Amino acid sequence: QVQLVESGGGLVQAGGSLRLSCAVSGRIFKINDMGWYRHAPGKQRELVATVTGGAGTNYADSLKGRFTISRDNAKNTVYLQMNSLKPEDTAVYYCNANIVAIGTYYQDSYWGQGTQVTVSS
């Protein structure tokens, strides 16, 4: 079994910051790409940012400069630092990781349960 547990969401005023964390646990052989996605009411789920095992990053164009993704491989954890938050950043943020579990020989995609981020104006 593999689990992703997110934390760090909450309510913040516009212009504020939040840091999301996502810890991966379980029967893990290897974690490849990790990332964050978000789902706002009335919209489709969208990519926020991804980070490879070698720390290469990719961001949604609209979020570059405000959001920073990073990972700590020793802790099997991925982070999302969100600065200068805007009301339109309000969404449920989901952690995703492509993982090879112990006892398997293939990569599978795992998701966290989501954490709510609400930005007030």
Side-chain angles (χ1 to χ4, degrees):
Q1 293 284 358
V2 174
Q3 289 186 318
L4 279 65
V5 178
E6 297 124 334
S7 60
L11 174 64
V12 64
Q13 288 188 331
S17 297
L18 283 175
R19 189 193 195 206
L20 305 183
S21 300
C22 173
V24 182
S25 62
R27 294 176 53 82
I28 303 162
F29 175 70
K30 184 179 181 183
I31 303 175
N32 293 320
D33 292 2
M34 305 179 81
W36 291 94
Y37 293 74
R38 68 185 185 184
H39 190 189
K43 297 184 179 180
Q44 292 186 334
R45 183 179 294 190
E46 64 174 349
L47 167 73
V48 174
T50 60
V51 58
T52 68
T57 58
N58 178 57
Y59 294 91
D61 287 341
S62 62
L63 300 176
K64 289 179 181 177
R66 294 195 298 122
F67 288 16
T68 303
I69 190 171
S70 61
R71 64 190 285 172
D72 184 333
N73 292 329
K75 295 181 179 179
N76 290 339
T77 299
V78 62
Y79 305 97
L80 184 69
Q81 178 68 42
M82 305 184 292
N83 298 327
S84 302
L85 283 162
K86 304 175 181 180
E88 51 263 43
D89 294 318
T90 295
V92 178
Y93 284 71
Y94 294 91
C95 173
N96 172 259
N98 293 323
I99 297 170
V100 179
I102 293 173
T104 70
Y105 299 94
Y106 58 87
Q107 173 180 281
D108 208 346
S109 181
Y110 293 85
W111 292 88
Q113 80 284 356
T115 185
Q116 177 70 46
V117 171
T118 302
V119 184
S120 63
S121 57

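Note that these values count all heavy atoms, side chains included, but never hydrogens, waters or copies made by symmetry. Because the structure is a prediction, the values reported are computed rather than measured.
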Could you measure the distance from the [atom1] atom of [X] to the [atom2] atom of [Y]? Nearest 0.5 Å is fine.
X    : Y   : atom1 : atom2 : value
T68  : M82 : OG1   : CE    : 11.0 Å
L85  : L18 : CG    : CG    : 5.5 Å
L80  : L63 : CG    : CG    : 8.5 Å
E46  : S62 : CD    : OG    : 6.0 Å
I99  : I28 : CD1   : CD1   : 5.5 Å
Y110 : Q1  : OH    : CD    : 8.0 Å

Just wondering, do [Y] and [X] contact through their side chains at under 4.5 Å, heavy atoms?
X    : Y    : answer
H39  : Q44  : no
Y94  : E6   : yes
C95  : V78  : yes
N98  : I31  : no
V92  : T115 : no
N58  : L47  : yes
N76  : R71  : no
T118 : V12  : no

For the student: nearest non-hydrogen atoms of [X] and [Y], plus distance:
X    : Y    : result
A101 : V2   : CB-CG2, 4.2 Å
T77  : K75  : OG1-O, 2.9 Å
D89  : S84  : OD2-O, 4.5 Å
A91  : Q116 : O-NE2, 3.4 Å
V117 : G9   : CG2-CA, 4.2 Å
P87  : A14  : CD-CB, 4.1 Å

Just checking, any donor-acceptor pair under 3.5 angstrom between side chains of N96 and S109?
yes
Quick one: do the R38 and Y93 side chains pair a donor with an acceptor below 3.5 Å?
yes
With hydrophobic residues grouped by side-chain heavy-atom distances under 4.5 Å, do I102 and V100 end up in a single group?
yes
Group every Ile, Leu, Val, Met, Phe, Trp and Tyr by side-chain heavy-atom contacts under 4.5 Å, then state whether M34 and Y79 land in the same group.
no
With salt bridge (Lys or Arg N to Asp or Glu O under 4.0 Å) as the rule and sequence neighbours excluded, what pairs involving residues 7-33 come up?
none
Greater than 12 external heavy atoms within 6.0 Å of Q3's CD:
no
F67-W36 aromatic ring centre distance below 6.0 Å:
no
